[in-house]
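Atom set for the values below is all heavy atoms of this structure, side chains included, hydrogens, waters and symmetry mates excluded. What you are looking at is a predicted structure, and each value in this text was computed from that prediction instead of being measured. Numbered from 1 within each chain, the chains take letters A, B, ... in sequence-line order.
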Amino acid sequence: MPELPEVETIVRDLRPDVVGSTLGRATVHRPNVLRNISKARLVRDLRGCRAVEFSRRAKNIVMRFASGDRLIIQLRMTGSLKVAHGRLNRDDRAYLVFQVQLGAGRTFLFKDVRRLGTVQLMDPESWQEFESRIGPEPLAAEFNSVVFAKRFESTRMAIKKALMDQSKLAGVGNIYANEALFLAGIDPARPANSLSRTEYQALCRTTRKVLRDGISSRGTTLKDYRTGKGTKGSFQTRLKVYGRGGEPCTKCGATLVTTHEIDSRATTACWRCQT
DNA sequence: CATGACACCTGCTCGC
DNA sequence: TGCGAGCAGGTGTCAT
């Protein structure tokens, strides 16, 4: 799915249209996206809700209402959001899984080709429970390498898999994990508890850097991802390893290698620079 | 508790 | 040209 930078970009793009609006009619085109609620109940409960905040937590999109309840959207692999002004066109309706009126002729759209994405409505208590299971936000002001290292030091899990574990750290997915490990010069297969303090400092720094740079580039568009404005991101032009298996390492010239040995996900690394 | 298999889905690319 | 296999940015559950 969109990872932290992509979700952050979408949320920033759509926030002005969402915050302050009162929800009207909702339509669930693909009931499979719903998790903890029936279609009828969601449609009934959303009507009249006033959105007071539109934000991101890990890769979750959070629309908070004046009531304290929250609509939580996960885009997973191919989900995308848009606010349409006026009538929906053919493209708006393609792969549409959920929509809700925002008022003033605007419609909030959730499209998803693979339909792996999810929609949930949470009361404050369920949100608290859900949110508490997510690791810290790597771009938060109070985040640092000590907090970072503490999340991983007790597991022998491969550092790359640990980095993508949302209960340990929020928002990092496959692309940015590959990039951060390359920049830090760390072998993705190393057990997390084998990294030194210095290596954790480096990895903390590079993880934050790739995420910030990803946001600056408005995300990575390999195929499906679009910003909240429907445009493509540009971080794909700055990727050092992800998707570049067989090409030369930008640091040393050695051939980058792609494997699927860690958690069956594509891992690309320079086995000379990353030790 | 860690790990791996699998499920959820469609679409695209590649090899034959 | 057609067809099956394999792969894709993610996450939740279940068996081991």
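- As a whole-Å value, the separation of A/Tyr176 OH from C/dA8 P is 17 Å.
- Relative to the side chain of A/Gln74, the nucleotides C/dT11, C/dG9, C/dG10 differ in distance, and C/dT11 lies closest.
- Counting any heavy atom pair closer than 4.0 Å across all strands shown, A/Thr220 reaches a base atom.
- In this structure, CZ of A/Arg57 is placed 16 Å from C1' of C/dT11, rounded to the nearest angstrom.
- A/Met164 comes within contact range of no nucleotide atom at all, as no heavy-atom separation falls under 4.0 Å.
- Listed nucleotides C/dG9, B/dG11, B/dC9 differ in distance to A/Arg115; the shortest reach to its side chain belongs to B/dC9.
- When each of A/Leu102, A/Asp45, A/Val18 is paired with A/Leu23, the side-chain contact (heavy atoms from CB on, under 4.5 Å) condition holds for A/Leu102 and for no other.
- When distances are taken from the side chain of A/Val113 to each of B/dG11, C/dA8, B/dC8, the shortest belongs to B/dG11.
- The separation between A/Asp112 atom CG and B/dC9 atom C1' is 8 Å, rounded to whole Å.
- What separates NZ of A/Lys111 from P of B/dG11 is a distance of 12 Å, to the nearest Å.
- The phosphate of C/dG10 (OP1 or OP2) has a side-chain N or O of A/Lys59 nearer than 4.0 angstrom.
- Residue contacts for A/Ile175: at a heavy-atom cut-off of 4.0 Å it reaches the sugar-phosphate backbone alone, with no base atom in range.
- Ionic pairing of A/Asp213 and A/Lys209 is present here: one or more N-O contacts between side-chain nitrogen and carboxylate oxygen are shorter than 4.0 angstrom.
- Distance noted for atom P between C/dC3 and B/dC9: 25 Å (whole Å).
- Distance CG (A/Asp263) to C1' (C/dC7): 15 Å, rounded to an integer number of Å.
- Between the side chains of A/Asn60 and A/Gln74, at least one donor-acceptor pair of N or O atoms lies under 3.5 Å.
- Pair check for B/dC9 finds none; no Watson-Crick or G-U wobble contact set falls under 3.5 Å.
- A salt bridge does not link A/Glu53 to A/Arg15: none of the charged nitrogens lies less than 4.0 Å from a carboxylate oxygen.
- When the shell of 6.0 Å around CZ of A/Arg50 is examined, it contains 12 or fewer heavy atoms from other residues, nucleotides or ligands.
- If you find the closest nucleotide of DNA chain B to A/Arg30 and to A/Ser154, the one lying nearer the 5' end belongs to A/Ser154.
- Considering only side-chain N and O atoms, A/His260 lies nowhere under 4.0 angstrom from the phosphate OP1 or OP2 of C/dG6.
- The C1' atoms of C/dG9 and B/dT3 are separated by 23 Å, rounded to the nearest whole Å.
- Between the side chain of A/Arg156 and the base of B/dA2, no donor-acceptor pair under 3.5 Å is found.
- Whole-Å rounding puts the A/Glu179 CD to C/dG9 C1' distance at 13 Å.
- At a threshold of 4.0 angstrom between heavy atoms, the contacts of A/Lys223 include nucleobase atoms, whether or not backbone atoms are also involved.
- Applying the 4.0 Å criterion to OP1 and OP2 of C/dG9, one finds that A/Arg265 has a side-chain N or O inside that range.
- Residue A/Asn32 places at least one side-chain N or O closer than 4.0 Å to OP1 or OP2 of B/dC9.
- With A/Lys232 contributing its side chain and A/Leu222 its backbone, the two residues share no donor-acceptor pair below 3.5 Å.
- A close approach under 4.0 Å does not occur between any side-chain nitrogen or oxygen of A/Gln166 and OP1 or OP2 of C/dG12.
- One atom, CD1 of A/Ile134, and another, P of C/dG10, lie 15 Å apart when rounded to the nearest Å.
- Within the nucleic acid shown, A/Tyr95 comes within 4.0 Å of sugar-phosphate atoms alone, with no base atom in reach, counting heavy atoms only.
- A/Asp224 comes within 4.0 angstrom of a nucleotide base, judged by non-hydrogen atoms across all strands.
- In this structure, A/Arg114 places its CZ atom 9 Å from C1' of C/dG10, rounding to the nearest Å.
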